[in-house]
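Scroll down for the structure; my scribbles are underneath it.
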Amino acid sequence: MLLSKLISKTQKEVPAEADTISHRLMIRTGMIRQLSAGVYSYLPLAHRCLKKIENIIRDEMDKAGGQEVTMPVLQPRELWDKSGRGEAFGKILFDVTDRKERRLVLGPTHEEVITDLISFFVKSYRDLPVMPYQIQTKFRDEPRPRGGLIRVREFTMKDLYSFDTDEEGLNRSYDKMRQAYQNIYRRAGLPVIMIEADSGAIGGKDSSEFMAIVECGEDVIIHCEKCGYAANAEKAKSIKTKQPYQVALPVEEVATPGKKSIEEVAAYLNTPSSQTLKAVFYVADGELVFVAIRGDIEVNEVKLKNALKATDLRLALTDEVKNAGIVAGSASPIGLKEVKVIADESVTMGSNFIAGANKPDYHLKNVNYPRDFTATMITDIALAQAGESCIKCDAELKSIRGIEVGHIFKLGTFLAEKMGAFYTDTEGKSHPIVMGCYGIGAGRLLASIIEASHDEKGIIWPLSVAPYEVYLCPLFLEDDRVAKASQDLYKKLCDAGIEVLYDDRNESPGFKFNDADLLGLPLRITISPRTLERDSVELKWRSEKKTEIVPLEEIVDKVKNIVLPAKNSP
RNA sequence: CGGGGUGUAGCGCAGUCGGCUAGCGCGCAGCGUUUGGGACGCUGAGGCCGGAGGUUCGAGUCCUCUCACCCCGACCA
């Protein structure tokens, strides 16, 4: 490809709104162009990377037994009503109405469609297992797109679905996918860690996320360096810090004029926050819920939502709390009736707590569970934090940030039951098909690779996903010898099956070198009057500082030997 | 959805006590000189100042409404 003809233009300056590294670099290299919030065009450089990523994914899916299909983007709304997930997805769904006023959605994922499809073709245990997949555009009306390609509203995703006769089969499919995913990241040159995750609106039991560890990560990962335990913070369990045991003392009222927050009360009474009980109010599917938790711990809303089996969970409004007769700032579960109380297990870890007195400007001392209050439910609804202890080995937990670049789920049978996907076993009995689903976003993977592989000059592409493999960089093109030699070399490299970006512009050396670094192709070949004096060219890896002088007659073979093996063997 | 911010040339920005042909840098086009780590000179093209309404002799600038985009939070396979 001639650089002068490439639909792209490198730029020095970048719009103020681009703040993540991958976003800035993709704009500066002319890879993407935003059309609307979270909606992008992919120019040739990005397109080529995406195709390479997709082909790696496709290859691994095929090897693992996947069969590629294409399913509709337009999906009737009834399908989502049937599965019951329309509600769980809520406003994320892009709604469309056709000319007959029929409601459709733009597919955010395809479990409904695939289950419907498979239920038609799979009738017997003999047809199972199957693993259909597709690589296709998905639509999700995210509340807040951000970070360039990190979170967008229209994106290409590979989604594979496994259908098995039983749990054991599901586990086998799941393991195959887990291995295939590891292969994909390795081949794409992106280090990831696999962590335990919450399945969210998708539903199901077990789920694992593959996280790229990068600065701009949206997710917090709690992990243990000692035993390797790692989980999304919204799922992570931990051993909470212990409180010294004390003999339960009689409850005592204390004045706390004007002190409302845990920090204020704890400071005023000169006690650590771990010695207090905190009250937080939520509305779960329209019902007010009182949440009690130890003062030093935050509520994990995902765990709470799961514990309540709620579809919609949000913090309660001031008025809603007031109308329920609760005194915000001095609230406690003590003596509370008619309101559902969910307590974190931390309220049982400790004694003689400070809690609200349910009247303004007063708190209670020496509150103990269950002597002084009870709860509708006591369970783990705490947000695990760095500094707490690992549930597996008791070592101290750390937290890091990551981007979710893949998520695999064991769905089980709930969708098959809802959608009517049953198979007949050897005895002629009918059973719901056991499902799993496995997603990976191509654009996000691309952005993550840049996040993980760049320097102050630009991108450093791994060979496997680079838009081109070689940056052919002639200097002083007006010199006929240079023009002829580089033209000649360009042709030979192309004929050898090497993907070459030929910088045929009449720019200064510095300008070209800087563009080469910015674009980040793995190999740079420089030809100039100086190298031609020695019948040579200069070869340089983008990832390394040093250069190598290679004779003209050897360069094609040398590049072939570097690039082709890496290209052809995964 | 709550809080904050920004819309002026392809990109980055200035101009806003209302006033004349709306500027600067980068980029783009032409000519010339240069050039092993983002060169320089000259010439030139390019603007419904986000949109609508209003105030005014006069609006990029003031008022009202609106739209878009970004950031923080909420939310998020």
Side-chain angles (χ1 to χ4, degrees), chain A residues 8-20 23-24 27-28 30 33-39 85 88-93 107-111 138-148 150-153 155 157-161 197-204 207-210 216 218-219 232 234 282-283 301-302 305 312-318 403-409 411 436-441 444 457-458 473-479 482 505-518 524 526-533 537-538 540 545 547:
Chain A
S8 265
K9 190 161 288 287
T10 56
Q11 41 187 77
K12 277 187 268 191
E13 287 168 315
V14 114
E17 55 253 31
D19 59 348
T20 56
H23 192 189
R24 295 177 69 87
I27 290 176
R28 288 192 57 204
R33 164 101 183 152
Q34 181 170 345
L35 182 63
S36 165
V39 179
R85 295 201 312 167
F89 272 74
K91 292 211 174 102
I92 290 281
L93 288 177
T109 177
H110 282 71
E111 282 83 7
K138 302 286 190 274
F139 295 85
R140 293 185 187 176
D141 195 358
E142 296 286 352
R144 187 145 97 81
R146 73 182 107 185
I150 299 294
R151 180 165 292 276
V152 290
R153 300 195 298 166
F155 58 101
M157 181 171 109
K158 183 283 304 176
D159 44 326
L160 181 143
Y161 306 90
D198 183 82
S199 58
I202 288 285
S207 89
S208 301
E209 286 174 326
F210 295 85
C216 72
E218 306 182 290
D219 290 288
N232 196 310
E234 59 187 32
Y282 286 90
V283 173
E301 295 185 5
V302 172
K305 193 170 168 178
D312 182 52
L313 181 76
R314 59 171 173 83
L315 278 169
L317 306 173
T318 317
I403 303 181
E404 177 192 350
V405 288
H407 201 159
I408 62 178
F409 304 78
L411 294 175
C437 71
Y438 314 85
I440 184 167
R444 188 182 280 190
K457 291 267 185 184
C473 187
L475 305 180
F476 310 102
L477 258 178
E478 62 279 9
D479 184 319
V482 174
R505 303 170 302 174
N506 270 315
E507 295 290 350
S508 67
F511 194 93
K512 288 188 169 190
F513 288 149
N514 278 307
D515 265 357
D517 288 343
L518 178 62
R524 187 183 79 193
T526 308
I527 306 185
S528 70
R530 190 194 286 180
T531 67
L532 289 178
E533 294 291 314
V537 298
E538 180 190 280
K540 179 181 176 298
K545 275 223 151 59
T547 58

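Naming: A, B, ... by sequence-line order, numbering from 1 per chain.
Regarding contacts with the backbone of B:A74, every side-chain N or O of A:Arg144 stays at 4.0 angstrom or more from both OP1 and OP2. Distances shown here put every side-chain N or O of A:Ser508 at or beyond 4.0 Å from the OP1 or OP2 atom of B:G36. Proximity of A:Arg33 to the phosphate of B:G10: no side-chain N or O atom is located under 4.0 Å from OP1 or OP2. The side chain of A:Lys305 places an N or O atom within less than 4.0 Å of a non-bridging phosphate oxygen (OP1 or OP2) of B:C76. Distances shown here put every side-chain N or O of A:Gln11 at or beyond 4.0 Å from the OP1 or OP2 atom of B:G38.
Candidate nucleotides B:G37, B:G38, B:C28 were compared by shortest atom distance to the side chain of A:Asp515, and B:G38 ranks first. Proximity note for A:Lys12 (side chain, C-beta onward) versus B:G36, B:C76, B:C26: the nearest is B:C26. Listed candidates were B:C26, B:C75, B:G37. Nearest to the side chain of A:Asn514 is B:G37. In the set B:G36, B:C26, B:A74, the nucleotide with an atom closest to the side chain of A:Phe513 is B:G36. The side chain of A:Pro509 approaches B:G36 more closely than any other nucleotide in the set B:G38, B:C75, B:G36.
Heavy-atom neighbours of A:Arg33 CZ from other residues, nucleotides or ligands within 6.0 Å: at or below the threshold of 12.
Look at CZ on A:Arg151: it is 13 Å from P on B:C72, rounded to the nearest Å. In this structure, CG of A:Asn506 is placed 14 Å from P of B:U35, rounded to the nearest angstrom.
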Report summary line: A correct dot-bracket answer for RNA chain B, with pairs being Watson-Crick or G-U at under 3.5 Å, [ ] for crossing pairs and | for inter-strand pairs, is (((((((..((((.....[...)))).((((((.....)))))).....(((((..]....))))))))))))....
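Below the 3.5 angstrom threshold, one finds no donor paired with an acceptor across the side chain of A:Arg146 and the base of B:G73. The base of B:G27 does not come close enough to the side chain of A:Arg28 for any donor and acceptor atom to sit less than 3.5 Å apart.
Note that OH of A:Tyr438 is 11.5 Å distant from OH of A:Tyr161, once rounded to the nearest 0.5 Å. Here the NZ atom belonging to A:Lys512 is positioned 9.5 Å from the OG1 atom belonging to A:Thr526, to the nearest 0.5 angstrom.
When the nearest nucleotides of RNA chain B are assigned to A:Ile440 and A:Glu478 by heavy-atom distance, the more 5′-ward of the two goes with A:Glu478. Position along RNA chain B of the nearest nucleotide to A:Pro529 versus A:Gly441 favours A:Pro529 as the more 5'-ward residue.
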Query raised in the report: When you look at A:Glu507 and A:Asp515, which way does the side-chain contact (heavy atoms from CB on, under 4.5 Å) test go after all the steps?
Result: CA-CA 10 Å; A:Glu507 295 290 350; A:Asp515 265 357; over 6 Å; no
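Counting heavy atoms from C-beta outward, A:Asn514 and A:Lys457 have side chains that approach closer than 4.5 Å. For the pair A:Arg444/A:Glu404, a side-chain contact is recorded, criterion being any heavy-atom separation below 4.5 Å from C-beta on.
Under the side chain to side chain donor-acceptor pair (under 3.5 Å) criterion, A:Gln34 pairs with A:Tyr40, not counting sequence neighbours.
In this structure, A:Ser207 reaches neither bases nor backbone, as no heavy-atom distance under 4.0 Å exists between it and the strands shown.
Taking atom C1' in both B:G58 and B:A22, the straight-line distance is 16 Å, to the nearest Å.
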